[in-house]
Student: 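Would you mind keeping the following structure in view while I ask a few things?
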Amino acid sequence: MPTIKILPHPEYCPQGASVSAPPGTSICEALLDNDIKIEHACDMSCACTTCHVVVREGFNSLGELDEAEEDLLDRAWGLEPNSRLSCQAILAQQDVTIEIPKYSINHAKETH
């Protein structure tokens, strides 16, 4: 089972974290299943950028970006070449390291 290493984030996981999830799971699902409350305002339907992450290691092991994700990423705060929407980034067999950006485009946080 691949491991997701989450770099420290002051709100979601101040100490950083490591979680495991089966291949075929999105990064967003894996984080939420392990009590890391990443924003996901569109309920993981690829309609916003609040679950944006930067993949520091293992980017090429994730499922392919599709056109809808690429278009939305253009709106993400702190976009980098290795940015993904965590709801669309599907784990394969390789471990990944991610960073959750400090900000998102969401002006008001929602509780899910």
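Predicted model, so just to flag it, every value in this text is computed and none were measured. Only this structure's heavy atoms are used, side chains among them; waters, hydrogens and symmetry mates stay out. This chain uses plain numbering: 1 for the first residue, then up along the sequence.
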Student: Mind checking the CG-SG spacing from L85 to C28? Nearest 0.5 Å is all I need.
Tutor: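 These two atoms lie 9.5 Å from each other.
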Student: Does the side chain to side chain contact (heavy atoms under 4.5 Å, CB included) test come out yes or no for I4 and N34, once each step is laid out?
Tutor: CA-CA 11 Å; I4 304 167; N34 287 279; over 6 Å; no
Student: Do I98 and S86 have side chains that approach each other closer than 4.5 Å (heavy atoms only, starting at C-beta)?
Tutor: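 SC-SC contact between I98 and S86 ruled out.
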Student: Working note: R84 + I27, criterion side chain to side chain contact (heavy atoms under 4.5 Å, CB included); need CA distance, chi angles, decisive distance, verdict.
Tutor: CA-CA 10 Å; R84 289 295 303 263; I27 290 175; over 6 Å; no
Student: Answer yes or no: is there a donor N or O on one side and an acceptor on the other, between the side chain of E99 and the main chain of R56, under 3.5 Å?
Tutor: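 Absent.
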Student: So which heavy atom on K102 is nearest to which on W77, and how close?
Tutor: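 It is N-CZ3, 4.2 Å.
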Student: Is there a chain of hydrophobic side chains (I, L, V, M, F, W, Y, each step under 4.5 Å between heavy atoms) that links L62 to L79?
Tutor: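 Looking at the clustering, L79 is in the same group as L62.
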Student: Write down the atom of L32, the atom of K37, and the distance for their closest heavy-atom approach.
Tutor: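 Nearest heavy atoms, L32 then K37: CD2-CA, 4.1 Å.
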Student: Looking only at heavy atoms, which two atoms of C51 and I38 are closest? And how far apart?
Tutor: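 Shortest heavy-atom contact: O-CD1, 3.8 Å.
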Student: Restricting to non-hydrogen atoms, name the atom on V96 and the atom on S61 that form the minimum distance, rounded to 0.1 Å.
Tutor: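 Of all heavy-atom pairs spanning V96 and S61, the closest is CG1-OG, 3.8 Å.
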Student: What are the two closest non-hydrogen atoms of L91 and A21, and how far apart are they?
Tutor: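 Scanning both residues, the minimum pair turns out to be CD1-CB, 3.8 Å.
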Student: Within the 4.5 Å heavy-atom criterion, are E11 and E39 side-chain neighbours or not?
Tutor: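 Answer no - side chains too far apart.
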Student: Would you give the length of the straight line joining atom SG of C13 to atom CG of D35, rounded to the nearest 0.5 angstrom?
Tutor: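 If I round to the nearest 0.5 Å, the distance is 12.0 Å.
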Student: Answer yes or no: is there a donor N or O on one side and an acceptor on the other, between the side chain of T50 and the main chain of A41, under 3.5 Å?
Tutor: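 At least one qualifying donor-acceptor pair exists.
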Student: Check step by step if side chain to side chain contact (heavy atoms under 4.5 Å, CB included) holds for S83 and H52.
Tutor: CA-CA 7 Å; S83 288; H52 167 229; 2.8 Å; yes
Student: Given the rule in the side chain to side chain contact (heavy atoms under 4.5 Å, CB included) test, do L65 and L73 qualify, once you have shown the distances and angles that lead to the verdict?
Tutor: CA-CA 10 Å; L65 278 100; L73 278 170; 3.7 Å; yes
Student: Measuring only between side-chain heavy atoms, which start at C-beta, is L7 closer than 4.5 Å to K5?
Tutor: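 Touching, per the 4.5 Å side-chain cut-off.
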Student: With sequence neighbours excluded, tell me which residues meet salt bridge (Lys or Arg N to Asp or Glu O under 4.0 Å) with D71.
Tutor: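 Salt bridge (Lys or Arg N to Asp or Glu O under 4.0 Å) list for D71, sorted by chain: empty.
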Student: Nearest heavy-atom pair of P8 and P14: which atoms, and what distance?
Tutor: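 What the structure gives for the nearest pair is CB-O, 3.4 Å.
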Student: Check for me, please, whether I90 and V19 land in the same ILVMFWY cluster - side-chain distances under 4.5 Å, paths through other members count.
Tutor: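 No.
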Student: Can you find a pair of side-chain heavy atoms, one from P2 and one from Q94, that are under 4.5 Å apart?
Tutor: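 No - every pair of side-chain heavy atoms lies 4.5 Å or more apart.
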